[in-house]
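Down below is the structure, laid out as structure tokens.
The sequence lines fix the lettering, A, B, ..., with proteins before strands; numbering per chain opens at 1. Every value quoted in this text rests on a predicted model; they were computed, and no experiment measured them.
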2 protein chains.
Amino acid sequence: MVLPVRKNKSPNTPHECPLSQCMAILGGAWTPNVLWYLSGGPRRFSELQIDIPPVSAKVLTTRLRDLESKGVVSRNVKPTSPPSVEYALTDLGQELIPVIEAIVEVGHKIKLRTE
Amino acid sequence: MVLPVRKNKSPNTPHECPLSQCMAILGGAWTPNVLWYLSGGPRRFSELQIDIPPVSAKVLTTRLRDLESKGVVSRNVKPTSPPSVEYALTDLGQELIPVIEAIVEVGHKIKLRTE
DNA sequence: TTATAAGGTTTCCGATTGGTAACCTAAAGT
DNA sequence: ACTTTAGGTTACCAATCGGAAACCTTATAA
């Protein structure tokens, strides 16, 4: 007795995979963390380093540049001395907040299970 | 004029980072896709391969094993010949659905912007 | 005049990923 | 006798990732 493969599509068939679209943004190391901290308001480079101690300067720079090029984060150089740079979520970035919140919420539930 | 670093914590301070907890689950390649298709009901190995054509057998196996060990997915071998194996979301896995849905929704919005 | 600050960049390197392709088992169909 | 099927496993390989540490600039403060 051989089970036939159900050739029908799964009920959930994304149209050209929005999942991958979005995960391309969230994918890199520390990306969700950066977005989370920025969701609390604009934040400077050195402040993000304090918020997320394990992130290296190299990776933090890379992430912020990536997010900027994707239109998720804005970069604002203030004419102080030495110049300070403030990062903030763009409108598109704001749209990601529900995702981050959902992730955080599940993270809590997972903790409750493992404890 | 030197800007003082705001030493206060960001308003959003996760308590021992549920973000990382959850991202540890969602992190691997194709993981969100697998969860998405499983959210439509139980699905067999070969069916998932059809659902997600670019995933290799090796990676799909790895993902499913990972998810199983994390209690997100259940594995059920049916006594057919050759044996067929059905994967399904556990209760914990169900809790991830809102996250996946949030990701999909943002994916759509991103598409609208880039078009 | 030397140090410090902010916000990086660059180089080097090892670890982790993920892909390809070959292989495996046992039973059932042809 | 041979092939197909389901669900993998294994070995090998190249690319990518991310961490550590050193370095850079320019203006002000000590």
Side-chain angles (χ1 to χ4, degrees), chain A residues 1-7 10 17 19-20 23-34 37-38 42-70 73-88, chain B residues 1-7 10 17 19-20 23-34 37-38 42-70 73-88:
Chain A
M1 174 238 206
V2 177
L3 274 195
V5 173
R6 287 165 258 181
K7 294 272 177 172
S10 159
C17 207
L19 257 184
S20 308
M23 287 308 290
I25 293 180
L26 299 182
W30 307 113
T31 308
N33 305 72
V34 169
Y37 283 108
L38 289 184
R43 206 99 179 132
R44 284 191 290 134
F45 189 89
S46 50
E47 294 172 330
L48 288 171
Q49 284 189 296
I50 292 169
D51 291 335
I52 317 168
V55 77
S56 66
K58 177 195 171 188
V59 170
L60 184 53
T61 308
T62 310
R63 271 328 138 241
L64 289 169
R65 295 282 176 281
D66 289 352
L67 292 172
E68 201 194 343
S69 80
K70 283 165 185 153
V73 154
S74 66
R75 182 174 188 270
N76 190 292
V77 182
K78 292 185 166 185
T80 53
S81 172
S84 64
V85 182
E86 210 167 61
Y87 295 92
Chain B
M1 174 240 208
V2 178
L3 275 195
V5 173
R6 288 166 257 179
K7 295 273 181 175
S10 158
C17 207
L19 258 184
S20 308
M23 287 308 291
I25 293 180
L26 299 182
W30 307 113
T31 309
N33 305 72
V34 169
Y37 283 108
L38 289 183
R43 206 96 181 133
R44 285 192 289 136
F45 189 87
S46 50
E47 294 172 329
L48 288 171
Q49 284 189 297
I50 293 170
D51 290 336
I52 317 168
V55 77
S56 66
K58 176 195 170 188
V59 169
L60 184 54
T61 308
T62 309
R63 268 335 134 235
L64 289 168
R65 295 281 177 281
D66 289 352
L67 291 171
E68 201 193 343
S69 80
K70 282 165 186 153
V73 155
S74 66
R75 182 174 189 270
N76 191 293
V77 181
K78 292 185 164 186
T80 53
S81 172
S84 63
V85 182
E86 209 167 62
Y87 295 92

Tell me whether the OP1 or OP2 atom of [N] has a side-chain N or O from [X] closer than 4.0 Å.
X        : N      : value
Tyr87(A) : dA6(C) : no
Thr61(B) : dG8(D) : no
Arg75(B) : dG8(D) : yes

Check: [Y] and [X] side chains under 4.5 Å, non-hydrogen atoms:
X        : Y        : answer
Val55(B) : Asn33(B) : no
Pro54(B) : Ile52(B) : yes
Leu64(B) : Phe45(B) : yes

Let me know the distance between [atom1] of [X] and [atom2] of [N], rounded to the nearest Å.
X        : N      : atom1 : atom2 : value
Phe45(B) : dA6(D) : CZ    : P     : 12 Å
Ile50(B) : dG7(D) : CD1   : C1'   : 13 Å
Glu47(A) : dA5(C) : CD    : C1'   : 14 Å
Glu86(B) : dG7(D) : CD    : C1'   : 14 Å
Lys78(A) : dA6(C) : NZ    : C1'   : 14 Å
Leu60(A) : dG8(C) : CG    : C1'   : 10 Å
Asp66(B) : dG8(D) : CG    : P     : 14 Å
Leu64(A) : dA6(C) : CG    : P     : 16 Å

**Q.** Interatomic spacing from CD1 in Ile50(B) to CZ in Arg44(B) - rounded to 0.5 Å
**A.** 9.0 Å
Distances for protein N/O vs nucleotides 16-23 of chain D N/O pairs under 3.5 angstrom?
{"unit_1": "dG18(D)", "atom_1": "OP1", "unit_2": "Ala29(A)", "atom_2": "N", "d": "2.9"}
{"unit_1": "dG18(D)", "atom_1": "OP2", "unit_2": "Arg63(A)", "atom_2": "NH2", "d": "2.4"}
{"unit_1": "dG18(D)", "atom_1": "N7", "unit_2": "Lys58(A)", "atom_2": "NZ", "d": "3.1"}
{"unit_1": "dG19(D)", "atom_1": "OP1", "unit_2": "Trp30(A)", "atom_2": "NE1", "d": "3.3"}
{"unit_1": "dG19(D)", "atom_1": "OP2", "unit_2": "Ser56(A)", "atom_2": "OG", "d": "3.3"}
{"unit_1": "dG19(D)", "atom_1": "O6", "unit_2": "Lys58(A)", "atom_2": "NZ", "d": "2.4"}

(Q) The side chain of Ser81(B) is closest to which nucleotide in this list: dA27(C), dG7(C), dA6(D)? (A) dA27(C)
**Q.** Among dA5(C), dG7(D), dA6(D), the nucleotide that comes nearest once only the side chain of Pro82(B) is considered
**A.** dA6(D)
Q: Just do the side-chain contact (heavy atoms from CB on, under 4.5 Å) check on Val73(B) and Asp66(B) with the steps written out, would you?
A: CA-CA 9 Å; Val73(B) 155; Asp66(B) 289 352; over 6 Å; no
Q.
Once side chain to side chain contact (heavy atoms under 4.5 Å, CB included) is applied, do any residues pair with Ala24(B), and if so which ones, sequence neighbours excluded?
A. none
Q.
Using modelled atom types and a 3.5 Å cut-off, is there a donor and acceptor pairing between side-chain atoms of Arg63(B) and backbone atoms of Ala29(B)?
A. yes
